[in-house]
Amino acid sequence: MFTLKQLRYFEALARHGHFGKAARACSISQPALSMQIRELEALLKVTLVERRPGEMRLTREGREVARRAQAILSDARDLLDYGRHAASVLNGTLRLGIIPSIAPYLLPRILPHLEQAYPDLDLRLRETLTDTLLDELEIGDLDVVLLALPISNPDLESAPLLNDRFLLATRATPELDERRRVEPDEIAPEKLMLLEEGHCLRDQALTYCSPLGVGRFSNFGATSLTTVMQMVAAGYGVTLLPEICTDVEVRDERIALLRFAEPQPARTIGLAWRKTSPRKHDFEALADLILSALQAAAPLRSAST
């Protein structure tokens, strides 16, 4: 019978597409990894890898075995999690993924409460883009992710936490009335500054502003909201800023914030995890703590209102 170790080595090879990189990811030598994969091929009686000088390619059978190996490894991790965490809530290791447009604004409010309430929890944080987080969640590299909902993957379950309204950030001028409400058609599309492609915040802003005309938006794309806000402060454009970001990103007197007319644009922030995960009670406890921490720090609108 093949071993989980052999499946893990082969899954790493399929993911990295290179023997050397896969070996480094598994912390073994390349000859040892190659030997384990040849043993797996012998046990399964199929060729998994086309080996050529300087390159490798999965065979048709190799791609199918990689897909099944990924599912088996994910189930094995879930089984291990069940045994480790069945007796108590939020102890041991929890691998939490979080998107960049949430991480620096919510984590400082949440982490002190988490450390105090669950001192035995070993929290491992991973900040990156939504698509990467969901891929890593699905294969079991992450336990749960904090991101903008909804998600379309039928293998994942989610729970909404709060509604995060968007504000229009613009340069402050003496004649600007910050009490008035803005309509989306008042935004000059060529002045709308957004994060670069791949950020869900960009997609959400474009969805709200789509009536302005596809292809007319600014070609500026930043990797961080801080860069966008500095451009706004300098008068180069405007942007849609999530409300949870205002305490951190709006410390410049040159920036003014305007609310939109009803219905105000917003995103829903929530948690997502694998449906097969045995740690749902952990994620529900984490959701409760996040809401309590946010209400203690500043009143934000919950996802149910």
Side-chain angles (χ1 to χ4, degrees), residues 90 93-118 121-139 141-151 153 156 158-167 169 193-205 221-232 239-252 266-274 279 282-283 285-303:
L90 287 177
T93 300
L94 182 74
R95 298 161 299 177
L96 171 65
I98 184 168
I99 59 175
S101 61
I102 295 178
Y105 315 109
L106 290 194
L107 286 180
R109 307 183 193 184
I110 296 168
L111 293 182
H113 295 266
L114 197 58
E115 291 172 357
Q116 183 177 5
Y118 300 102
L121 179 66
D122 177 17
L123 184 66
R124 310 285 179 88
L125 295 172
R126 164 86 160 129
E127 178 189 357
T128 189
L129 300 181
T130 299
D131 287 347
T132 302
L133 290 180
L134 292 178
D135 288 343
E136 294 179 3
L137 177 63
E138 190 171 14
I139 66 175
D141 287 348
L142 292 173
D143 299 309
V144 61
V145 296
L146 184 60
L147 74 176
L149 301 177
I151 53 176
N153 190 324
L156 302 180
S158 62
L161 296 177
L162 60 102
N163 288 324
D164 185 22
R165 294 174 294 190
F166 288 107
L167 306 173
M193 312 195 80
L194 302 168
L195 295 173
E196 66 181 2
E197 291 186 9
H199 289 264
C200 62
L201 191 56
R202 175 188 180 90
D203 297 335
Q204 292 153 3
T223 59
S224 73
L225 275 174
T226 300
T227 301
V228 174
M229 295 305 294
Q230 286 301 307
M231 297 292 286
V232 171
T239 194
L240 270 65
L241 183 70
E243 193 169 14
I244 64 167
C245 307
T246 56
D247 289 346
V248 174
E249 298 295 351
V250 187
R251 298 177 178 176
D252 194 319
R267 62 178 180 172
T268 300
I269 294 175
L271 293 173
W273 59 87
R274 295 182 304 281
R279 301 184 66 180
D282 279 343
F283 309 143
L286 178 62
D288 290 341
L289 182 137
I290 290 173
L291 288 175
S292 297
L294 294 179
Q295 289 169 0
L300 292 174
R301 181 176 294 188
S302 71

Which heavy atom of [X] sits nearest a heavy atom of [Y], and at what distance?
X	Y	result
L241	A169	CB-CB, 4.5 Å
P100	Y105	O-CE1, 4.1 Å
P104	E127	CD-OE2, 4.4 Å
W273	A159	CH2-CB, 3.9 Å
A148	I102	N-CD1, 4.3 Å
V144	L137	N-CD1, 3.8 Å

Given 3.5 Å as the limit, does a donor-acceptor pair link the side chain of R279 with the main chain of L90, or not?
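No, because the side chain of R279 does not come within donor-acceptor range (under 3.5 Å) of the backbone of L90.
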Any side-chain to backbone donor/acceptor pair from R267 onto D164? Under 3.5 Å, distance only.
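Answer holds: no.
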Calculate, to the nearest 0.5 Å, the distance between atoms [atom1] and [atom2] belonging to [X] and [Y] respectively.
X	Y	atom1	atom2	result
E138	L133	CD	CG	13.0 Å
I290	R109	CD1	CZ	12.5 Å
L142	I98	CG	CD1	11.5 Å
N153	R274	CG	CZ	11.0 Å
L201	L129	CG	CG	11.5 Å
L195	T227	CG	OG1	9.0 Å

Heavy-atom distance under 4.5 Å between the side chains of [X] and [Y], does that happen here?
X	Y	result
L161	L146	yes
V232	E249	no
C245	L225	yes
L289	Y118	yes
S292	H113	no
R126	T132	yes
I99	C200	yes
F283	L96	no

Please determine which of L111, I110, L286 meets the side chain to side chain contact (heavy atoms under 4.5 Å, CB included) test together with L123.
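Among L111, I110, L286, the one that satisfies the side chain to side chain contact (heavy atoms under 4.5 Å, CB included) with L123 is L111.
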